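Residue indices begin at 1 and follow the sequence shown. Treat the numbers as computed from the prediction; the structure is a model and nothing was measured.
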Amino acid sequence: MYNGVVLAYGAESDRSLSIPGEELADIYAAREFVWWYNGHPDCRNLAPDLKSSDTAVILGQGNVALDVARILLRPTAELARTDIASHALAALEESTIRKVYLVGRRGPVQAACTAKELREILGIKDLVIHIKQADLVTTPADEIEMKNNRIRRRVYELLSKVVTTGHAPVPGQRELHFVFFHKPDRFLESDDRSGRLGSVRLEKTTLKAFAGDESMKQVAVGTGVYEDISCGLALKSIGYKSVAIDGLPFDNYKGIVPNLGGRVLANASQGDMQYETGLYVCGWLKRGPTGIIATNLYCAEETVRLINFRFRKNKIIITIITESLLMYFQSREYLF
């Protein structure tokens, strides 16, 4: 019997787009692809087809999306000097993929990547970068967002510099296309490969700001204008999702354990909040799959401060993991 338990098992599943054609072969979660080239045993046998097309589409423009694009486009001679899994390196050496499309619902100002990750992929030798000049035109709402967020301004500046620098394409050269203001509508089956991916249909979007929102947060709204990108591989980098454990509170809509400052809620009804005794949460399971390592540190500190407060108040004893969680992890063949 424990007096305190901290839930910190993160997010190991993936969000779904819930659009037609998502069940076709050659469509993967970016997490699966990352696990594949990192040698994770659960995805050791993923075997993505990298030889049937010269084009891959990545849905999302966050750090994970950029990492995946970098692996597909970076010269294998350079990858060989890293700790990439040997089976992935062998497959990439035979890859015919030369074009990667990074698709985002919003514009370059709202791109979810960091400047550091963006610089890494923009620095790939002999890589041709494609960005439409029209996509870099900013609105007053964009300017407010950049004024309030230094990272977004830096990312926008890096993308703008790529366009003004210019690149002369060479046949067979690797290309990275940033596709802004588009969202996935459906996956289309190949005409000559039954059950396999043939293209991705995108809907053009426009940004709308919430009325009265001082932060000027903008959301992407479809315009009813569509275009298709032919490809042989699609990777969904739209976010991770935590999984529920039987007997523990879980918000299926948000994909988190309901909590207030790290203290788990049994009932989150307005005006009638009830807490689970001695149960706490931190990390992505607490706030959703966003942020970097430093973000998780601050998140954990908040939870620890709360535990410390209650420790002093109730003289509770804290432990990180319960027997039920231990059984769960052992069932997934995790080693301790």
Side-chain angles (χ1 to χ4, degrees), residues 12-37 40 42-62 64-73 87-88 90-106 112 128 130 132 135 171-172 174-206 220-241 255:
E12 64 170 63
S13 187
D14 309 284
R15 291 179 180 172
S16 172
L17 285 168
S18 300
I19 60 175
E22 199 167 0
E23 75 288 347
L24 291 172
D26 308 311
I27 302 171
Y28 303 96
R31 173 192 59 82
E32 295 176 300
F33 193 76
V34 170
W35 284 11
W36 171 71
Y37 66 70
H40 193 293
D42 286 356
C43 292
R44 171 67 175 78
N45 299 316
L46 191 69
D49 183 0
L50 305 179
K51 297 189 289 185
S52 296
S53 172
D54 68 347
T55 303
V57 172
I58 301 173
L59 302 172
Q61 295 178 336
V64 174
L66 262 62
D67 279 342
V68 169
R70 182 164 49 84
I71 292 296
L72 289 171
L73 293 170
H87 62 265
L92 289 163
E93 286 175 338
E94 297 181 357
S95 172
T96 60
I97 291 177
R98 295 295 180 268
K99 301 176 185 178
V100 173
Y101 289 80
L102 278 169
V103 180
R105 296 170 180 263
R106 300 189 290 170
V128 179
H130 293 271
K132 292 181 179 179
D135 288 344
R174 289 176 169 83
E175 303 175 16
L176 176 62
H177 297 251
F178 284 88
V179 181
F180 297 107
F181 303 110
H182 284 78
K183 66 177 182 177
D185 177 72
R186 65 188 61 227
F187 296 102
L188 301 174
E189 186 176 9
S190 171
D191 291 333
D192 51 6
R193 299 191 306 158
S194 178
R196 308 295 294 270
L197 175 68
S199 59
V200 180
R201 177 161 296 169
L202 305 175
E203 181 180 10
K204 186 172 177 55
T205 64
T206 187
V221 179
T223 62
V225 177
Y226 301 90
E227 65 176 278
D228 296 346
I229 298 179
S230 298
C231 61
L233 176 70
L235 300 169
K236 302 175 294 181
S237 185
I238 57 172
Y240 293 89
K241 183 177 70 174

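Side-chain contact between Ser230 and Thr55 is absent, with no heavy-atom pair separated by less than 4.5 Å. With contacts defined as side-chain heavy-atom distances shorter than 4.5 Å, the pair Phe33/Pro48 qualifies. In this structure the side chain of Val34 reaches within 4.5 angstrom of the side chain of Val68, judged on heavy atoms. Within the 4.5 Å cutoff, the side chain of Asp49 has heavy atoms near those of the Arg193 side chain. Counting heavy atoms from C-beta outward, Leu59 and Phe187 have side chains that approach closer than 4.5 Å. Using a 4.5 Å heavy-atom cutoff, the side chains of Leu235 and Leu72 are in contact.
A side-chain contact (heavy atoms from CB on, under 4.5 Å) with Leu176 holds for exactly one of Leu102, Leu66, Val128; it is Leu102.
With rounding to the nearest 0.5 angstrom, the CD atom of Glu227 is 6.0 Å from the CG atom of Leu202. To the nearest 0.5 Å, atoms NE2 (His177) and NZ (Lys132) are separated by 11.0 Å. Distance CD1/Ile229 to NZ/Lys99: 11.0 Å, rounded to 0.5 Å. If you take OH on Tyr28 and CG on Leu46, they are separated by 5.0 Å, rounding to the nearest 0.5 Å. Taken to the nearest 0.5 Å, the CG atom of Leu233 stands 8.0 Å off from the CD1 atom of Ile58. Between atom CZ of residue Arg15 and atom OH of residue Tyr240 there is a gap of 11.5 Å, rounded to the nearest 0.5 Å.
When atom types are taken as modelled, the side chain of Gln61 and the backbone of Ala112 share no donor-acceptor pair closer than 3.5 angstrom. Between the Thr223 side chain and the Lys204 main chain, a donor and an acceptor come within less than 3.5 Å of each other. A donor-acceptor pair under 3.5 Å is formed between the side chain of Thr205 and the backbone N or O of Arg105. The backbone N or O of Trp36 sits less than 3.5 Å from a side-chain atom of His87, completing a donor-acceptor pair. With hydrogens and angles disregarded, a donor-acceptor distance shorter than 3.5 Å links the side chain of Thr96 to the backbone of Ser53. Between the side chain of Arg98 and the backbone N or O of Ser95, at least one donor-acceptor pair lies under 3.5 Å. Glu22 places no side-chain N or O within donor-acceptor distance of the main-chain N or O of Ile27, the cut-off being under 3.5 Å. Judged by distance alone, with hydrogens and angles left aside, the side-chain atoms of Glu189 form no donor-acceptor pair with the main-chain N or O of Ser194 at under 3.5 Å.
Ring geometry for Phe178 against Phe180 counts as parallel: the plane angle stays under 30°, on a 0 to 90° scale with 60° as the upper cut.
Nearest heavy-atom pair across Leu17 and Pro184 is CD2-CG, 3.9 Å. Nearest heavy atom pair, residue Ser16 against residue Ile238, reads C-CD1, 3.9 Å. Closest approach of Val64 and Ala30 over heavy atoms only: CG1-CB, 3.9 Å. Residues Ala69 and Val100 share a closest heavy-atom pair of CB-CG1, 4.0 Å. Closest heavy-atom contact between Asp67 and Arg70: OD1-NH2, 2.8 Å. Nearest heavy atoms, Gly224 versus Glu203: N-OE2, 2.8 Å.
For the pair Asp185 and Arg201, the salt-bridge criterion is not met [side-chain N within less than 4.0 Å of a carboxylate O].
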